[in-house]
Amino acid sequence: MLLKKQTLGEFIIENQASFKYTSGELSRLINSIRLAAKVVNHEVNKAGLVDIIGTAGDTNIQGEDQQKLDVYANDKFIQTLTNRNIVCGIASEEEDDFVAINSQDENNQNKYVVLIDPLDGSSNIDVNVSVGTIFSIYRRVTPLGTPVTIEDFLQKGNQQVAAGYVVYGTSTMLVYTTGHGVNGFTLNPAIGTFYLSHPNMQFPEDGKIYSVNEGNYIHFPQGVKDYIKYCQMEEGDRPYTSRYIGSLVSDFHRNMIKGGIYMYPKHSKNSNGKLRLLYECNPMAFLAEQANGKASNGHTRIMDIEPTELHQRVPFFCGSKNMVEKVEEFIQKHE
Ligand SMILES: O=P(O)(O)OC[C@H]1O[C@](O)(COP(=O)(O)O)[C@@H](O)[C@@H]1O
Ligand SMILES: [Mg+2]
Ligand SMILES: [Mg+2]
């Protein structure tokens, strides 16, 4: 049965032709991400047994205490991509500034930059709740063989050539898009192979799940409060079910399969919310749209937002199309 399923490696080669700029470079890049994901997965699966849980003792540019697994995952992804000489630059949640990879070498013809959230859902690492990795890939905009600049990273989400995530949960899955739909691959840990288990993933247009940290409710804008009340009302197919794992990747993944909306609004303590535009919201927005879903900041399509800083945050509403449009309606009534 398993041997009938297509492996990720086979899928990448088979779909290489469908990619506009096909040169094999993007395929090699996704293969490198696959390898780094397996290395990190191996460590995540034995968190608690080895000295990989708890804080690493440093604070990242977000002002968050870095977890040991944040640092480990960051190192493994950067090392894997650097060693394979497959990108010209990397930006990460755990790095203050972007990392140029041999880009000053005029022979460096690598045309892609990668932006990553190496470990998403850090607050769940120590409590054995699923976490993830998020990645976003762009073609550089500055000339090949010249040093990458911030311009290469501050591109609108609608310029992404690929995006995806890995979820380290009850099973480990890699889910990604190159602009031709969204496909999910499950890792068979016994043989270390990802198999196509979820072809052509689609958000149901409507859902019955809402995911938001209601602990911040009193600080939310009135429109968001009204939408949460709307979700809880005994009317029609409501009330909806509240589900919040606290790992964006896992909440998104569940909502894509079952139908639902994930919300991280701005609130009086965080005027732009918490999530980072470049390596959390843009890649999830690309996946959502490729899976017939929607993603906005309550007003503007996430992928049309002009980035101004590497670590900027934006309010984020993402999931089943009709649910995102409904919350936008409530928000825009008040703003
Ligand atoms: O604890 P809060 O404020 O609800 O935030 C949870 C959100 O923050 C995040 O953990 C942020 O991501 P990181 O763990 O990568 O910093 C999301 O995965 C999650 O949805
Ligand atoms: Mg994150
Ligand atoms: Mg993170």
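Predicted model, so just to flag it, every value in this text is computed and none were measured. Start at 1 and go down the list; that is how both ligands and their atoms are numbered.
- By the 4.0 Å N-to-carboxylate-O rule, K294 lies close enough to E328 to be salt-bridged with it.
- At least one heavy atom of L119 sits under 4.0 Å from some atom of ligand 1.
- Protein heavy atom at the shortest distance from atom 20 (O) of ligand 1 is Y262 OH, 2.8 Å.
- Using a cutoff of 4.0 Å between basic side-chain nitrogens and carboxylate oxygens, R301 and E289 are scored as salt-bridged.
- Checked against a 6.0 Å centroid threshold, the rings of F185 and H198 do not count as neighbours.
- Closest to atom 3 (O) of ligand 1 among all protein heavy atoms lies Y264 OH, 2.7 Å.
- Residue contacts with ligand 1 include G121, since one or more of its heavy atoms lies under 4.0 Å from the ligand.
- Contact annotation for D117 and ligand 1: only side-chain heavy atoms (C-beta onward) come within less than 4.0 Å of the ligand.
- Using a cut-off of 4.0 Å between Lys/Arg side-chain N and Asp/Glu carboxylate O, R140 and E25 are scored as not salt-bridged.
- Here the protein heavy atom with the shortest distance to atom 4 (O) of ligand 1 is Y244 OH, 2.6 Å.
- Geometrically, K229 engages Y217 in a cation-pi contact, judged by NZ or CZ lying under 6.0 Å from the ring centre and within 45° of the ring axis.
- Between Y244 and Y210, the distance from one ring center to the other does not fall under 6.0 angstrom.
- Remark: the backbone N or O of G298 is paired with a side-chain donor or acceptor of Q332 at under 3.5 angstrom.
- With ring centers used as reference points, Y264 lies 6.0 Å or more from F316.
- Distances under 2.8 Å from the Mg ion (ligand 3) pick out the protein N/O/S atoms E93 OE1, D117 OD1, L119 O.
- Salt bridge K326/E329: present, at least one basic N to carboxylate O contact under 4.0 Å.
- The closest approach between any non-hydrogen atom of R276 and ligand 1 is below 4.0 Å.
- Comparing heavy-atom distances from atom 17 (C) of ligand 1 across I125, L248, N124 singles out L248 as nearest.
- The closest heavy-atom contact to atom 8 (O) of ligand 1, among the options M263, K274, H267, E64, comes from K274.
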